[in-house]
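What follows is a short report on a single structure.
One-based numbering, in listed order, for ligands and for the atoms of each. Numbering starts at 1 and runs along the sequence shown. Worth knowing before you read on, the calculation uses all heavy atoms, side chains too, and leaves out hydrogens, waters and symmetry mates. Here the structure is a predicted model, which is why all the values come from computation and not from measurement.
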Amino acid sequence: MEEKLIINGGKKLYGQIKVDSSKNAFLPILAGTLLCNNQVCLKNYVNLSDLRAMRQILEELDCNTYLNGNNLIIDPTNASFSRIGHELTTKLRASIFLLGPMLARFKKAIIAYPGGCRIGARPIDIHLKGLRALGAKIIERHGYLYCYGENMKSGTFVLDFASVGATESLMMSAILLSGRTTLKNVAKEPEVEDLQNFLNAMGARINGAGTDTIVIDGVNSLSGGEYCVMSDRIVAGTYLLAAASCGGEIELTNTNPKHNESLISFLSQTACKIETFSDKIKLKADKRLSSIKKIQTLPYPNFPTDLQPQMMVLQSVSEGTCLLTENLFENRFGIVSELDKMGADITIKNHSALIRGVEKLYGADVFATDLRAGAGLVLAGLVAEGYTTISNIDFIDRGYEKIEEKFKLLQADIKRI
Ligand code: UD1
């Protein structure tokens with residue numbers, strides 16, 4: 001039977017949470033293990049359905065994966081080529097990250113078009129343009145990408161847009177090419193930097209992640225080893241926005257405040273009290289917050305699209321009016337019709353939402369339309385008076401491990417049935 005979350009909201013949040021490892025860093029790193037010729041141990045694995053899907057794809061390619069306590073062990077020693085079909089790629093858009101590593105390891109990749117959350121058209125033209133610029137031959141036929149890498153050579157490529165996934169896939173495709181590859185106008189997200197750190201720890205020679213140019217000096221092979229994946233800035237931001245919406249006092253550990261500077265700067269404009277430490281954030285909110293006038297989502301270090309629905313919940317119960325503009329994905333207002341049922345006052349025009357803060361939201365039966373909208377609904381349920389039932393929570397499980405257990409640590413009344 002389909003699982004649901006039931007929340008009895010309207011209570012303040014108090015307590016401490018240790019933030020889990022980042023899904024969006026783990027995914028490309030898992031794909032990157034395909035480049036290694038020895039066993040890799042990734043510490044602090046988090047049991048998310050997206051990560052299970054990526055593991056399943058690696059196993060399809062004859063990599064051995066197993067858990068040893070909290071550590072995920074991947075043995076890619078005997079990896080062998082296999083076609084990646086729709087049944088795997090529809091589960092996971094990040095399957096596209098495998099193009100680069102597969103081309104590097106097998107000199108070919110046959111992969112069905114990727115799936116993932118339906119938050120927009122999500123083209124892959126930049127991925128393909130970049131691989132072609134490095135000499136890959138790619139044929140798109142019958143819903144599959146047939147890619148051949150025998151003639152790939154290092155070179156320079158300027159991305160049309162700083163796509164996170166394209167940056168990561170191209171970086172991995174160039175690691176085993178002889179000579180220097182330069183990627184310009186790349187994504188500066190911390191997850192790209194974490195991928196660079198992982199690959200370098202395995203013997204790659206990459207520089208520049210975190211800036212807009214990445215330089216890759218080819219090496220003959222990558223070894224294996226141990227790596228600790230960064231903590232999840234979006235999960236941390238979700239808890240901060242939850243406490244800001246509900247009120248209360250929380251402390252997050254295992255989190256880097258630098259990765260959430262834009263969110264922290266917005267929250268600091270309200271009556272929230274935020275204290276940051278090297279790997280810890282404390283937030284206290286003891287009264288209704290005032291709205292933030294204008295917010296727009298943009299690539300890092302600006303406000304992330306992955307926190308937009310959660311921010312919409314906070315603005316829905318703040319005092320005043322907020323204009324929230326989504327610039328990354330065209331269908332990322334799926335939460336609005338659900339918040340409407342709970343009493344929010346939101347008008348959508350093109351890519352912007354005009355949010356007039358209301359004093360209260362009220363519990364309702366609502367449906368998650370994608371991962372982050374689902375997280376937003378959990379926040380809405382926590383802040384609303386009465387009971388909220390959330391369906392389609394598979395979406396939430398893609399990116400938050402047992403979200404109900406985490407919020408219980410903050411004294412929330414939430415359960416999964
Ligand atoms: C990653 C994150 C996702 C986040 C997004 C933006 C992972 C697993 N997912 O997704 O959570 O919301 O970054 O921060 O890390 N685009 C093109 N052509 C392309 C590629 C992208 O037009 O070839 C467009 C997309 O449609 C979108 C924008 O570029 O409008 C950003 O996409 P991108 O940065 O590639 O996001 P993902 O890597 O898919």
Ligand 1 N/O within reach of E168 N/O, cut-off under 3.5 Å: no
Non-neighbouring partners of Y300 that pass ring-ring contact (aromatic ring centres under 6.0 Å, His included), sequence neighbours left out: none
Ligand 1 to D125 polar contact by distance, N or O atoms, under 3.5 Å: yes
Salt bridge R416-D397, side-chain N to carboxylate O under 4.0 Å: yes
Any N/O pair S163/ligand 1 closer than 3.5 Å: yes
Element-labelled atoms of ligand 1 that are located less than 4.0 Å from some non-hydrogen atom of G165: 35 (O), 38 (O)
Centroid separation Y144 to H86 less than 6.0 Å: yes
Pi-cation contact, F106 with K108 (under 6.0 Å, within 45°): no
Ligand 1 atoms in contact with F161 (distance to a heavy atom under 4.0 Å): 28 (C), 29 (O), 31 (C)
Residue selection (non-hydrogen contact nearest atom 20 (C) of ligand 1) among P123, A166, A162: P123
Enumerated ligand 1 atoms positioned under 4.0 Å from heavy atoms of R93: 39 (O)
Y227 side chain to D194 side chain, donor-acceptor N/O pair below 3.5 angstrom: yes
Heteroatom proximity flag, F329 to ligand 1, N/O under 3.5 Å: no
Cation-pi check, R55 onto Y45 ring (under 6.0 Å, within 45° of axis): yes
Close-contact set for ligand 1 against N24 heavy atoms, below 4.0 Å: 2 (C), 3 (C), 7 (C), 8 (C), 9 (N), 11 (O), 15 (O)
Distance-only N or O hit between ligand 1 and T305, under 3.5 Å: no
Residues forming a side chain to side chain donor-acceptor pair (under 3.5 Å) with N392, sequence neighbours excluded: none
Side-chain ion pair, E261 and K258, N-O less than 4.0 Å: no
Contact with ligand 1 for E191, non-hydrogen, under 4.0 angstrom: no
Electrostatic pair D20-K406, nearest N-O below 4.0 angstrom: yes
Per-residue contact class, V164 against ligand 1 - non-hydrogen pairs under 4.0 Å: both
Under 4.0 Å to a heavy atom of R332 - the qualifying atoms of ligand 1, by number: 12 (O)
